[in-house]
Amino acid sequence: RTEIVNDDGSADSLTIDFAAEYAYKEESDYGYSSLKWALANKVPEGTYEIRVDAECDQLGGPADMDSYSTPILSGVIDLTPPEQYGRALPLRESILVGEEIAVMFTEPVRCDAFDLAVTVHLDGLSMALCGQTNKCSLKPKLMPQSSRYGVRCCSEEDKGGVEDWVKNDGCDVWAKSKGLDNGCHIAETYEDAKALCEMNGAR
C-alpha cells in the first residue's frame with residue numbers, strides 16, 4: 001500500500017498502482033514514479049521481504065520483456081518505542097555524588113540515530129554554597145543532605161535590632177551565623193540546619 005494525502009489534508013492509504021493518476025503525476029521525465037509505503041497503523045510490525053513486480057502491456061515480443069521484478073529487500077517494521085527495563089543501577093536508595101547511573105531498556109537503543117532525553121529526579125540533595133562572598137572557596141554544588149556544613153540562616157523579615165542579624169548592602173535578606181542556639185554551628189546536616197533556622201524564625 002502507498003500513502004497519499006486526501007483533499008482535506010488527511011493521510012490515507014491505498015493499494016499501490018503505478019498506473020493510477022496519483023502515481024502518474026509523480027512520474028519523472030524518465031518514466032520513474034516514487035511512492036511512499038504507508039506504515040503506521042496500516043502495516044503490522046514484523047519482518048518483511050519486499051519486491052516490486054511490474055507488468056506492462058504485451059507488445060508481441062518475448063514474455064520477459066513485458067514484466068520486471070526488483071531484487072528482494074528485507075527489513076523490520078518496529079514502531080514500538082523502547083521502555084525502561086527494571087530499576088536504574090545501582091540498586092540502592094541513595095548514590096554517591098559523581099557515581100554513574102545505568103538504565104536498561106527493553107531493546108538496544110541507537111543513541112547516535114535518535115535524540116534521547118533522560119530525566120533524573122533527585123531526592124535528598126541540597127545546594128551547598130558559601131554564605132559570604134569572596135570569603136571562602138566553596139563553589140555552589142549539590143550535596144547529599146547528610147553532608148555536614150556550616151549554618152547561615154536567612155530571613156526576609158526585618159531583623160533590625162536583633163542581636164547578630166546583619167543585612168549587608170546589596171542583599172535582600174537578613175543573615176545570621178553567630179548566636180544560633182548559643183553558638184556557631186559549623187558541621188550540621190541539612191535537616192538539623194533547617195530546624196535550627198526555623199527555630200530562629202528564618203530559613
Side-chain angles (χ1 to χ4, degrees), residues 11 37-50 73-157 159 164-168 170-203:
W37 185 29
L39 299 179
N41 302 321
K42 301 297 182 180
V43 180
E45 294 186 0
T47 302
Y48 288 85
E49 291 185 342
I50 306 170
L73 300 177
S74 299
V76 176
I77 297 178
D78 181 5
L79 304 177
T80 302
E83 296 181 353
Q84 181 177 334
Y85 179 76
R87 295 174 54 190
L89 302 175
L91 296 175
R92 298 197 305 269
E93 294 299 325
S94 61
I95 62 171
L96 302 176
V97 175
E99 188 173 7
E100 184 178 272
I101 300 175
V103 179
M104 303 296 293
F105 291 90
T106 51
E107 60 182 275
V109 178
R110 293 181 57 192
C111 299
D112 59 329
F114 300 95
D115 293 327
L116 300 178
V118 179
T119 302
V120 179
H121 298 279
L122 301 177
D123 296 321
L125 295 180
S126 294
M127 184 67 69
L129 66 160
C130 181
Q132 293 181 301
T133 306
N134 300 325
K135 289 189 178 182
C136 59
S137 59
L138 177 65
K139 296 182 179 179
K141 57 183 177 180
L142 283 172
M143 296 297 293
Q145 293 182 352
S146 59
S147 301
R148 295 182 179 273
Y149 287 94
V151 180
R152 187 175 181 85
C153 300
C154 298
S155 175
E156 284 78 13
E157 297 181 4
K159 296 289 187 179
D164 294 325
W165 283 96
V166 178
K167 185 177 185 294
N168 295 320
C171 293
D172 297 326
V173 298
W174 295 80
K176 181 177 181 178
S177 298
K178 300 178 181 179
L180 295 170
D181 193 23
N182 299 321
C184 291
H185 295 261
I186 61 174
E188 301 291 346
T189 65
Y190 171 82
E191 291 298 331
D192 290 341
K194 181 172 180 291
L196 182 63
C197 290
E198 289 177 348
M199 186 174 62
N200 284 268
R203 57 177 174 81

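Computed from a predicted model, the values in this text were never measured in an experiment.
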**Student:** Taking atom NE2 of H185 and atom OG of S177, what is their separation to the nearest 0.5 Å?
**Tutor:** 10.5 Å
**Student:** Work out which heavy atom in Y149 is nearest to a heavy atom in S147; give both atom names and the distance.
**Tutor:** CE1-CB, 3.6 Å
**Student:** Might you point out which heavy atoms bring W165 and C153 nearest each other, and give the distance in Å?
**Tutor:** CZ3-O, 3.8 Å
**Student:** To the closest 0.5 Å, what do you measure between CE (M104) and OH (Y85)?
**Tutor:** 9.0 Å
**Student:** Looking at every heavy atom in both A202 and C154, which two are closest together, and how far apart are they?
**Tutor:** CB-O, 3.0 Å
**Student:** Tell me whether E45 contacts the main-chain N or O of L79 through its side chain, where contact means a donor paired with an acceptor under 3.5 Å.
**Tutor:** yes
**Student:** For the NZ atom of K167 and the CD atom of E156, what is their distance to the nearest 0.5 Å?
**Tutor:** 11.0 Å
**Student:** At what distance, to the nearest 0.5 angstrom, does OG1 of T106 lie from CD of Q84?
**Tutor:** 10.0 Å
**Student:** Would you name the heavy atoms of E157 and W174 that are closest together and state the gap between them?
**Tutor:** O-CD1, 2.9 Å
**Student:** To the nearest 0.5 Å, what is the distance between CD on E107 and CD on E83?
**Tutor:** 9.5 Å
**Student:** Can you give me every donor-acceptor pair (side chain of residues 192-199, partner residue at least two apart or in another chain, under 3.5 Å) with its distance?
**Tutor:**
residue, atom, partner, partner atom, Å
D192, OD2, T189, OG1, 3.3
K194, NZ, E198, OE2, 2.8

**Student:** Looking at every heavy atom in both A88 and V103, which two are closest together, and how far apart are they?
**Tutor:** CB-CG2, 4.1 Å
